[in-house]
Structure formats: C-alpha cells, structure tokens
Amino acid sequence: MSYQLLKGKRGIIFGALDSNSIAWKVAQRAHEEGAQFVLSNAPVALRLGTIAQLAEECNTIVIPADATSVEDLENLFTKSIEHLGGKIDFVLHSIGMSPNVRKGKPYTALDYDLYHKTLDISSMSLHKVLQTAQRLDAISEWGSVVALSYIAAQRVFPDYNDMADAKSMLESIARSYGYQYGKFRKVRVNTISQSPTKTTAGSGVKGFGAFFNYAEAISPLGNADSLSCADYCITLFSDLTRMVTMQNLFHDGGFSFTGVSNEVMQKFEDPA
Ligand SMILES: NC(=O)c1ccc[n+]([C@@H]2O[C@H](COP(=O)([O-])OP(=O)(O)OC[C@H]3O[C@@H](n4cnc5c(N)ncnc54)[C@H](O)[C@@H]3O)[C@@H](O)[C@H]2O)c1
C-alpha cells in the first residue's frame, strides 16, 4: 500500500546488489511512496549484480561509487543533485563486507590489512558519506540518513567475526555524526539493527542458517524480513519521524529484548 510518504523527496540509495538486497526493497518502496532517487553501488558490484533492472523499474539512474573513496562520493553527491534537481533529503547506507569473513579467517587469526578494509567499507564509509555531504552542503534541512546494523554490535555472535566490531563503530559514527549534522542542518542520522535476513551479505556469515532459525525461534514476532525493514526505513525518511536521531533502532521482531522463548526452552528440557 502506498501512503505517498516520500512525495517530493530526493534520495540516494546505496547497496542494492540483487533482488534479495535490503536496499533493493527500500528502492522499490521509496519509488511506491513517491520519492525520486539515485541508486549507487561499488563499480565491481555493478558488474556482478542486476542493478540496471532496478533502475529501470524505478525510472532512475545508477551512479557508481566505491563508498570508501571520498572522490567517488563527491562525484555521487554532485551528480545526484544535478540529476534530481535539488539537495538530497534521504540517504540509505546499506553497505557491509568483511574480506576476513570472505577468506574464512576466524576472529582469533584476523589479517590486519583485511580488518582495516572491513572497517573502511562497513563503518568508516558512513563517516565519509556524512563528511562529504556536509562539506558540499548536499543534504536538505531535516534530511534523514539511515545505515543498517546488526545486534552483534552489542552482544557476542562468535561467527559474525570482525563485522561485529564494524557494526559497533557504525553505530557510534551514527551517534557522533548525528550530533554534528543535527546542529548543522537538523539532519538526523540513525541505524536500524535488522534481524538476520537472507541476502548475499547475510548468507556469507558462517552458520547463517542456524543463526536465522535461532532468531526466528526467539523472537515473539519472528524474524523481520527485508520488505518490513524497507517499510521501517521509509518511515525514518519521512517527515513523521523528524525528532528521531542518533539512535540505534532494533527492527528484529522483539529478539533484542527476549531472554528465552518457549520454543527454545522445549529444546533444552531435562528428560528426567
Ligand atoms: N542480511 C542480514 O542478515 C543483515 C542483518 C543486519 C544488517 N545487515 C546489513 O544490511 C546491509 C545490507 O546488506 P544486505 O544483507 O542487503 O546484503 P547485500 O550483499 O545485498 O548488500 C551489501 C551491499 O554492500 C555493497 N558494498 C560492498 N562494498 C562496497 C563498497 N566498497 N562501496 C559501496 N558498496 C559496497 C555491496 O555491493 C552490496 O550491494 C549491510 O550493512 C549488512 O551488514 C544485514
């Protein structure tokens, strides 16, 4: 259902790789809600993915940008403003990647060059997006920036590896920059801490299936899927959440505040 919550708003959506991507669903929902936006992803992802189809569906263009490159980000903001005909009202940062996870390095034997890359791609890129936007004064007053996180930022999920550190840093940047950008232009910055979701990034985590099923069994509402995550992003881009900033918002069907569920208790019942 469309409420036209984003009518007249201009955005940039990072991270749509294929139709499973959370950003893909956000783009489809933003389009339904009347927004105009530019899609962006790393040049290498553009070659692998199917983002051109999404651009056609949403009647927009793709501007490549490696989110670790300030030069690429400058070009992206400048061209997006030109293409959309005005400053940006919302940004989705849906970017995450750990080369250590990709290469199967456990947390106790990390490669430190790769660890730097994990943090640069998955966390510092949010700072680079915000600092570049502020320098170019590219985001309108009361604009909204949302980045996607995971509860491994607060609690240990051993196989989430160095991405746990990346997500802690991401949430910290959202708080720290949220203060700065709030003062500068009343721009709000938040993270959404999403349930495990079946996507390329999600499925790359060791034991993802067990992870997913465990969260499903714990959460009273079950796992939140990517479409409901997209709906939540839309509310945060809309004018209905103008005073929400510097928050990490759990979107996880209640997982984060559930100690144990009846389903999990049954599995551990003492047969004696
Ligand atoms: N899938 C899950 O279980 C889950 C749960 C919580 C949070 N998240 C987060 O949601 C976000 C989106 O992930 P997803 O699950 O949709 O998977 P995805 O693999 O579809 O999206 C990750 C995106 O990051 C992009 N990316 C990687 N390196 C980049 C770079 N240098 N510059 C620009 N883009 C780059 C990829 O091309 C891809 O489009 C990530 O931050 C992820 O950590 C995912």
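Counting starts at 1 for both ligands and their atoms, in listed order. Values in this document were obtained by computation on a predicted structure and should not be read as measured data.
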*Using heavy atoms and a cut-off under 4.0 Å, could you grab the residues that are in contact with ligand 1, chain by chain, numbers ascending?*
Gly15, Leu17, Ser21, Ile22, Asn41, Ala42, Ala45, Ala65, Asp66, Ala67, Ser94, Ile95, Gly96, Ile121, Leu148, Ser149, Tyr150, Lys167, Gln194, Ser195, Pro196, Thr197, Thr199, Thr200, Ala201, Gly202, Phe208
*Who pairs with Lys87 by salt bridge (charged side-chain N to carboxylate O under 4.0 Å, His left out), at least two apart in sequence or on another chain?*
Asp137
*May I ask you to say whether Glu74 pairs ionically with Arg135, meaning some side-chain N is under 4.0 Å from a carboxylate O?*
yes
*asked:* Applying side-chain contact (heavy atoms from CB on, under 4.5 Å), can you list everything that pairs with Ser122, at least two apart in sequence or on another chain?
replied: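 Ser122 satisfies side-chain contact (heavy atoms from CB on, under 4.5 Å) with Thr118, Met163, Ala166 only.
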*Flag the pair Asn20 / Thr200 as yes when at least one side-chain heavy-atom distance between them is below 4.5 Å, and no otherwise.*
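Result no, sub-4.5 Å side-chain heavy-atom pair not found.
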*asked:* Show me the pairs that pass ring-ring contact (aromatic ring centres under 6.0 Å, His included) and involve residues 2-30, at least two apart or across chains.
replied: none
_For a quick check under 3.5 Å, do Thr68 and Asp66 share a side-chain donor-acceptor pair by atom type?_
yes
